[in-house]
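Naming convention: chains lettered A, B, ... in sequence-line order (proteins, then strands); numbering from 1 in each chain. Below, all heavy atoms of this structure are taken into account, side chains as well, without hydrogens, waters or symmetry copies.
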Amino acid sequence: MEPSYNPWEVEPRWQEAWEAEGLYRAGAGKRRDETFVIAVPPPNVTGALHMGHALNGALQDVLIRWHRMRGFDALWQPGYDHAGISTQNVVEKQLLEEGTSRKEIGREAFVERVWRHLEETGRTIMAQYRRLGASLAYDRERFTMDDAYVEAVMRFFVHSWERGWIYRANRIVNWCPYHETAISDLEVVHAPMDDMLTFASYPFVDGSGSVTVATARPATILADVAVAVHPEDDRYRAIVGKDVVVPFVERRAPVVADDLVDPEFGTGALKVTPGHDPVDFEIGRKHELPTLTVIGPDGRMNEDAGPLAGLTQQEADDAVVAWLEEHGQLERREPYRHNVGTCERCHNRIEPLVSLQWWLTMDEPRKPALAALRERRVRYHPESQHQFAVRSLEDIPDWNVSRQLWWGHQLPIWYCPDGHVTSAWPRPEACAECGSAELVRDPDVLDTWFSSALWPFATLGWPEDTKDLRRYYPGDVNSTAREIIRLWENRMIWTGIELVGDVPFHDVIVHSTVLAPDGRRMSKSLGTGIDPLEIIDEHGADATRYGLLKMSSTQDVRFSVGAVAEGRKLATKLWNVARLILMNAEGAAPDARPQAVEERWILARLDAVRAEVEEAWARFDFAVAVKALFGLTFDDFCDWYAEAIKPRLYEDDPDAAATALAALERLLLLLHPVMPHVTEEIWAQLPARRSRLIVAPWPEPDVRFEGDSDALERVRDAAEIARRSGVLVDLDEDERRIFEAVVRKEQLPVNGSREGEIARLRKEVARSEGMLGNDSFVANAPPDVVEGEREKLRRYRRELDALGG
RNA sequence: GGGCGGUUAGCUCAGUUGGGAGAGCACCAGCUCGACAAGCUGGGGGUCACUGGUUCGAGCCCAGUACCGCCCACCA
């Protein structure tokens, strides 16, 4: 073996070998009929692997590798999302740099351009997942724009249409003036912004004075249709029902009462602009007010803004403020910091605009999903996220599914010259109502998440009744970030139930958010991002996986290189102890036939940790499993077992060699899901290996040594006492042999003294006797706790006795 | 504003029905002994954020306070 472990040479070699040998494919090494399926959350087709992907990849790979070793027919489905607005954004920026625009080159050329861009630079993440050692079924890569996938999306839309779930409505939506499309609430990011709050007085028509309102956007005064006050607000009770004159446009508008108004804010009187504010839209609807629009899709003032038409909002704000000042209706302006909605892709300010969009009602579709969650047929982990998922479904608003983009799935909606609307796929020959053949397709595309929602089954061939769909659906686990629950997870659940007749998976892991080391969010714009590939390059994939799994326990965790370094240490240690055993076991074959105390003990420990790790994997507690494996390797296997058998290995004891190989084999099996590369590399050098470790059978429970797990404890206690006091307590022959192998005489005692140790033990005895002498404790504490305390007291007394205390 | 989570050693974090306060890193001391100096052995270091409560007993349970973070959100 090489004298030192080199992950940079070993890891890529195994990654290539596993894939070339077909061991990443679905069902590789299967020994039973049950399936285990995870569909990877499809990353953006233009994106690069970030820390969240790496963390999520590591923990999904652990589950996949573990089940593969257990003999399941395991499938980890890879692929990409076309990411409508995000991808369109990338290509539009390129066009801008080239001095042109999507509008200039036209839709067809633009879409072609996107495809070309993807061919050149897209689809890089799966290569990066390979570098992490992620055992995805790369031969099955899918893309949400694949022909077959488009079929599924079209079928889903027409199905929803036929169910009567699709409708078109003029509503106020979040409008991105840069992309010129509606986006959903979930795509809006709120950010603090410094504005001015303008106080303007609106005179009453009857000349009886005026009412003052506060606004952050004076330009929208042009679309005001009312002033609203809270019905309980005594200051304004008298003016409800009066009419005011809207400044600038000098339009007559009523004062209405509505409890949506917050009496605490500003003056307690609100100008009502249904065309440009969601709250006002709602007030307008309740009071049957007209909806006026003065801002266009490009964010500028439109033709209804009269003299201000064509101005930017900033310019229009200034013009209106100037008008107010001139007419003595400007009371004051003050600085005002508040949260405003921005587009999550381009960070431009969102414009609430009234617009005609397609919607999917959620009343019906959510019901079976809610039932599935309540009956725990789908379970979110941790439990707090389950509650959140349920609440999200309970409060779910209708889904705006149309986007005014060019990159995406165009709606299968057709208009005839007479205005009839039909939804069909493929393109119908003629209008169903009037027979006209001059059908025009709706230009809008579907929300990206409309297609993502089908991921667990469209990747398996739905709507065709394929062999894969029958075998691998429903899947088992889905793992994702917290903010994706409403965008993706819940939607997969109700579409799965509706379209395929069953939930797509039974467990949803909501993994931790990895923050930058300083506690801030990792983000490109903040410059706080850490590239997981750089971490892999520096420390190796195994170490990175270990570190990420260790960081997966809490809701938010700061990225710590220390955790990765710990993983690297573990890989090196494992490599070295394997070297010790292999160099001294020539000619031996792995055979667990333990005679000696330390052999029974390590095999019992290996089995205890196997059980512990299985339990942790099963409840998705990755950090606990990884910690147990670290302790097993360092403390139990290397520091005690390997040291104890060293003298026997040097003497070419065949039993020691055979058992050591068997124990090492078991250790490698347990570690493989976390550190696949270093374990496979060692496995390949074991004598009489039967298969690759990646498909080797996971160890069965080993009950032979039950009770032997404590066999070494006496030796460890003796070592402790010896180090503290220099006194060797009574040991039998085997125990003495181990003691002498592990504990070096010249180090005894390092410090402390017999007297000090006796004092320490006497203190412990006093504490223990105090507890046991307390009747309340004996009466109220659980019996096993009391018994445990008695056992401790007996041990302290024994040790005191041995020391002559 | 709402929801969720956090506050334990210098740092990053464990602590599983309430009963000995821990790991890794960092630090200090001593070790080239036939796996490993990316190592080995030992050591120092904590008012478990704060206040009150329940209990024989609280890092853990309850109430409140402070600070931090994430997610969500229609205060113009």
Using a 3.5 Å limit on both pairing distances, list the dot-bracket string of RNA chain B from the 5' end; Watson-Crick and G-U wobble pairs count, crossing pairs take [ ], interstrand pairs take |.
-> (((((((..((((.....[..)))).(((((.......))))).....(((((..]....))))))))))))....
From CZ of A:R716 across to P of B:rG42 the rounded distance in Å is 11 Å
Do A:Y5 and A:N576 have side-chain N/O donor and acceptor atoms under 3.5 Å apart?
-> no
Kindly give the atom pairs (protein nitrogen or oxygen, nucleotide nitrogen or oxygen) under 3.5 Å for nucleotides 8-10 of chain B.
none

A:I183 side, atom CD1; A:C343 side, atom SG - distance, nearest 0.5 Å | 4.5 Å
Provide the distance between the two C1' atoms, one in B:rA9 and one in B:rG24, to the nearest whole Å.
-> 12 Å
Under 4.0 Å: is that the gap between some side-chain N or O of A:K569 and OP1 or OP2 of B:rG24?
-> no
When the distance from OH of A:Y546 to C1' of B:rC25 is rounded to whole Å, what number comes out?
-> 12 Å
How long is the span from the CZ atom in A:R545 to the CD1 atom in A:I535, to the nearest 0.5 Å?
-> 15.5 Å
Any A:R579 side-chain nitrogen or oxygen under 4.0 Å from OP1 or OP2 of B:rC36 = yes
Letter by letter from the 5' end, nucleotides 68-76 of chain B scores (B base, S sugar-phosphate only, - none; protein heavy atoms under 4.0 Å) -BSSSBBBB
Backbone of A:A219 reached by a side-chain donor or acceptor of A:D317 within 3.5 Å | yes
Between A:I645 (CD1) and B:rA35 (P), how many Å, whole number?
-> 11 Å
For the pair made of CD1 in A:I484 and C1' in B:rC4, what is the distance, rounded to whole Å?
-> 17 Å
Over-ring placement of A:R486 relative to A:W449, 6.0 Å and 45° cut-offs = no
Integer angstrom distance from the P of B:rG59 to that of B:rG3 | 29 Å
Residue whose closest nucleotide on RNA chain B lies nearer the 5' end, A:D621 versus A:S560 | A:S560
How is A:F634 classified with respect to the nucleic acid when contacts are heavy atoms under 4.0 Å: base, sugar-phosphate, or nothing?
-> sugar-phosphate
Separation of atom NZ in A:K550 from atom C1' in B:rA23, rounded to whole Å | 6 Å
Using a strict 4.0 Å threshold on nitrogen-to-oxygen distance, state whether A:E643 and A:K646 make a salt bridge.
-> yes
On a whole-Å scale, what distance lies between the P atoms belonging to B:rG39 and B:rG1?
-> 50 Å
How long is the line joining CG of A:L570 and C1' of B:rA23, in whole Å?
-> 14 Å
Reckon A:V213 touches a base, only the sugar-phosphate, or nothing at all at heavy-atom distances under 4.0 Å?
-> nothing
Measuring from A:N490:CG to A:F388:CZ, what's the distance to the nearest 0.5 Å?
-> 8.5 Å
B:rU55 versus B:rG18 - spacing of their C1' atoms, nearest Å = 9 Å
Near A:E334 CD, under 6.0 Å, is it more than 12 heavy atoms from other residues, nucleotides or ligands?
-> yes
P atoms of B:rC74 and B:rG57, separation to the nearest Å | 50 Å
What orientation do A:F630 and A:Y546 show, parallel under 30°, tilted 30 to 60°, or perpendicular over 60°?
-> tilted
Taking CG from A:L548 and P from B:rG24, how many angstroms apart are they, rounded to a whole number?
-> 20 Å
Pairwise P distance for B:rG69 and B:rU32, with rounding to whole Å | 50 Å
Contacts of A:E651 and A:D639 projected onto RNA chain B by closest heavy atom; the upstream (5') one is A:E651
Distance check: side-chain N/O of A:K573 vs OP1/OP2 of B:rC40, anything under 4.0 Å?
-> yes
Among side-chain atoms of A:H287 and A:D258, is any donor-acceptor pair under 3.5 angstrom?
-> yes
Using the C1' atom as the reference point in each nucleotide, state the distance between B:rG45 and B:rC27 in Å, no decimals.
-> 9 Å
Does a nitrogen or oxygen in the side chain of A:Y650 sit under 4.0 Å from OP1 or OP2 of B:rA35?
-> yes
Should the pair A:R619-A:E615 be classified as a salt bridge under the 4.0 Å nitrogen-to-oxygen rule?
-> yes
Just how far, in rounded Å, is P of B:rC36 from CG of A:N584?
-> 11 Å
For residues A:R482 and A:Q385, is any side-chain donor paired with an opposing acceptor at under 3.5 Å?
-> no
Judged by modelled atom types alone, do A:K271 and A:T273 share a side-chain donor-acceptor pair under 3.5 Å?
-> yes
Which value, in whole Å, describes the distance between the P atoms of nucleotides B:rA58 and B:rG2?
-> 33 Å
Looking at B:rA35, does its base get a donor-acceptor pair with the side chain of A:E643 below 3.5 Å?
-> yes
Answer yes or no: is there a donor N or O on one side and an acceptor on the other, between the side chain of A:W8 and the main chain of A:D537, under 3.5 Å?
-> yes
Which part of the nucleic acid, if any, lies within reach of A:M551 when heavy atoms closer than 4.0 Å are counted: base, sugar-phosphate only, or nothing?
-> nothing
